[in-house]
Protein chains: 2
Amino acid sequence: MTDILDKVGCYKFLAEPFHCDFSKHLFMGHLGNHMLNAADFHSNERGYGMSYLNPIHKTWVLSRLAIEMTEMPISYDEFNIETWVDGVMKFFTSRNFTVVSPDSNKIYGYGKSIWAMIDTDTRQPVDILAIHDGLILDYVDKERQCPIAKSSRVKMSADAKLVRTIDTNYSDVDVNGHINSVKYIEHILDLWNLDWYVHNKIKRFEIAYVAECHCGDKLNFYCEHTSEDEYCIRITKSFKINAEEVEVVRSKVNFVKD
Amino acid sequence: MTDILDKVGCYKFLAEPFHCDFSKHLFMGHLGNHMLNAADFHSNERGYGMSYLNPIHKTWVLSRLAIEMTEMPISYDEFNIETWVDGVMKFFTSRNFTVVSPDSNKIYGYGKSIWAMIDTDTRQPVDILAIHDGLILDYVDKERQCPIAKSSRVKMSADAKLVRTIDTNYSDVDVNGHINSVKYIEHILDLWNLDWYVHNKIKRFEIAYVAECHCGDKLNFYCEHTSEDEYCIRITKSFKINAEEVEVVRSKVNFVKD
């Protein structure tokens with residue numbers, strides 16, 4: 001590489017009107033999608049993104065994502081997502097996000113994510129530091145602050161109740177043939193009805209991707225009310241013939257009264 | 001108005017990777033969303049868009065949309081959507097779209113749409129020509145070609161079969177409190193499974209919005225195979241208590257073998 005870019009990338013987005021909910025605030029799923037785009041642009045520009053990896057049969061896989069917002073952009077708001085990698089290990093990297101107004105005067109919120117790299121043929125983990133002789137290390141920024149809690153293991157008891165089962169369809173599937181990471185966010189947040197969102201807004205949303213799902217899998221949503229304003233969700237998949245369920249996602253949502 | 005802008009607006013979009021299907025082609029629903037954004041940007045810039053209308057309690061309502069594609073943008077493709085109004089009547093306008101590569105060398109496809117304007121308090125039609133003394137007429141372009149068929153009334157017989165019933169949820173609802181126009185497109189195209197899309201691609205998609213739906217309404221999908229590669233879909237809503245169904249959407253999909 002001849003140039004060293006900034007460690008932090010900054011990408012401009014618009015809260016498109018049809019990506020906003022009844023209260024004119026950007027849907028959490030669409031914000032998550034913008035974060036994934038920012039991560040993708042950032043890593044592609046720096047030589048370790050999908051456009052380099054895919055032809056050599058490797059890809060990034062999102063493992064965990066946590067988003068914590070003090071305010072959600074509203075319809076037509078322009079905002080920037082700043083993103084940087086703050087840690088790299090052999091099999092995982094951690095990447096942070098700041099959602100900020102274009103003049104940098106207002107911070108809407110933050111995100112933290114964990115990514116693995118896999119071989120697309122074997123589905124096995126790949127040594128991230130072997131890519132371009134550890135190129136990614138040139139861009140690690142440990143100084144810049146992202147003042148929200150890391151995602152932690154979501155603990156759930158046997159009391160979690162099955163609250164919904166849905167089919168997965170064509171629109172749920174991404175370019176890798178798996179259920180789209182962002183669609184899980186939508187399906188989870190759909191567990192609460194519109195009236196709930198009139199009186200509650202999402203303070204923090206956390207999701208861990210445990211296993212991959214394919215089109216046609218049924219998704220079973222188990223929900224547990226773990227403390228005031230905190231709900232934990234486990235999603236399992238079930239196959240058509242076999243009744244055995246396999247855990248695919250865990251998530252935790254913290255609401256605040258609006 | 002001090003400036004007269006071009007009659008045709010041109011807006012740049014990216015086929016974002018998470019907006020693409022298993023075959024790496026942009027989902028039709030996301031393309032529809034981009035067309036609605038282009039329409040929104042175009043009308044706002046010219047003084048008769050939502051940002052002028054909403055404060056005076058008026059809004060545009062999409063009545064019909066037809067999209068016909070020879071090719072769909074693939075993941076990471078940049079493309080432009082050109083849009084212009086080609087006809088205005090008292091209660092309806094027609095607006096066209098061209099989806100084109102940034103260098104204008106490749107035309108991906110076209111769109112045609114019909115819009116009404118309503119009063120958001122009374123939900124009654126509004127005289128479009130009364131807005132800014134018929135300002136919209138300054139921007140009508142009848143010369144520019146959009147060589148696809150207009151949407152026509154989708155004819156269905158009593159043979160159409162109920163193929164799916166779904167609940168509507170928080171993520172389906174737009175800033176107006178109604179089921180999002182684009183979500184209907186997704187739900188309709190989800191009637192075919194992934195295997196179908198391996199062998200068939202969408203040549204033309206048509207949708208007419210007949211009545212508004214609210215969160216919690218159940219949507220019933222009736223499908224009729226009207227000719228080779230052509231399917232017509234009627235969506236009705238049913239209320240929780242009353243079993244009576246009301247038609248809300250009609251749609252027609254033409255496939256070509258891939």
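Convention: sequence-line order gives letters A, B, ...; per-chain numbering from 1. This structure is a prediction, so every number in the text was calculated from the model and none was measured.
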Colleague: Does NZ in B:K257 sit with more than 12 non-hydrogen atoms of other residues, nucleotides or ligands closer than 6.0 Å?
Modeller: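 Counting other residues, nucleotides and ligands, NZ of B:K257 exceeds 12 neighbours.
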
Colleague: Between chain B and each of A:L189, A:N44, A:L36, A:N176, count heavy-atom pairs under 4.5 Å; write down the option with the most.
Modeller: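 With the most close heavy-atom pairs to chain B, the winner is A:L36.
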
Colleague: Return the orientation label for the A:Y197 and B:Y170 ring planes: parallel under 30°, perpendicular over 60°, tilted otherwise.
Modeller: parallel

Colleague: Nearest 0.5 angstrom please: B:D40 CG to A:S75 OG, how far?
Modeller: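 With rounding to 0.5 Å, CG (B:D40) is 8.0 Å from OG (A:S75).
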
Colleague: How long is the straight-line distance from NE2 of A:H30 back to OG of B:S171, given to the nearest 0.5 Å?
Modeller: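 The distance works out to 7.5 Å.
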
Colleague: As an exercise, state the distance from CD1 of A:I166 to CD1 of B:I166, rounded to the nearest 0.5 Å.
Modeller: 10.5 Å

Colleague: Around atom NZ of A:K203, are there more than 12 heavy atoms of other residues, nucleotides or ligands at under 6.0 Å?
Modeller: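 Yes.
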
Colleague: Between A:R164 and B:N169, is there a side-chain heavy-atom distance shorter than 4.5 Å?
Modeller: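 Answer yes - side chains close enough.
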
Colleague: Is B:D21 in contact with chain A via its backbone, its side chain, both, or neither, using a 4.5 Å heavy-atom distance?
Modeller: both

Colleague: At a heavy-atom separation under 4.5 Å, does B:V173 approach chain A through its side chain, its backbone, both, or neither?
Modeller: both

Colleague: Side chain, backbone, both or neither: which part of B:M28 has a non-hydrogen atom closer than 4.5 Å to chain A?
Modeller: neither

Colleague: Of the backbone (N, CA, C, O) and the side chain (C-beta and beyond), which part of B:D167 lies under 4.5 Å from a heavy atom of chain A, both, or neither?
Modeller: neither

Colleague: Need one label for B:W196: side chain, backbone, both or neither, based on atoms under 4.5 Å from any heavy atom in chain A.
Modeller: neither

Colleague: Applying the side chain to side chain donor-acceptor pair (under 3.5 Å) test to A:H19, which of B:N33, B:N37, B:N180 qualifies?
Modeller: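 So the option named by the test is B:N33.
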
Colleague: Rounded to the nearest 0.5 Å, how far does CG of A:D190 lie from CG of B:D172?
Modeller: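 Rounded to the nearest 0.5 Å, the CG-CG separation comes out at 6.0 Å.
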
Colleague: Provide the closest heavy-atom pair for B:P17 versus A:V175 in the form atom of the first, atom of the second, distance.
Modeller: O-CG1, 3.7 Å

Colleague: How many angstroms lie between CZ in A:F41 and CD in B:E16, if you round to the nearest 0.5 Å?
Modeller: 6.0 Å

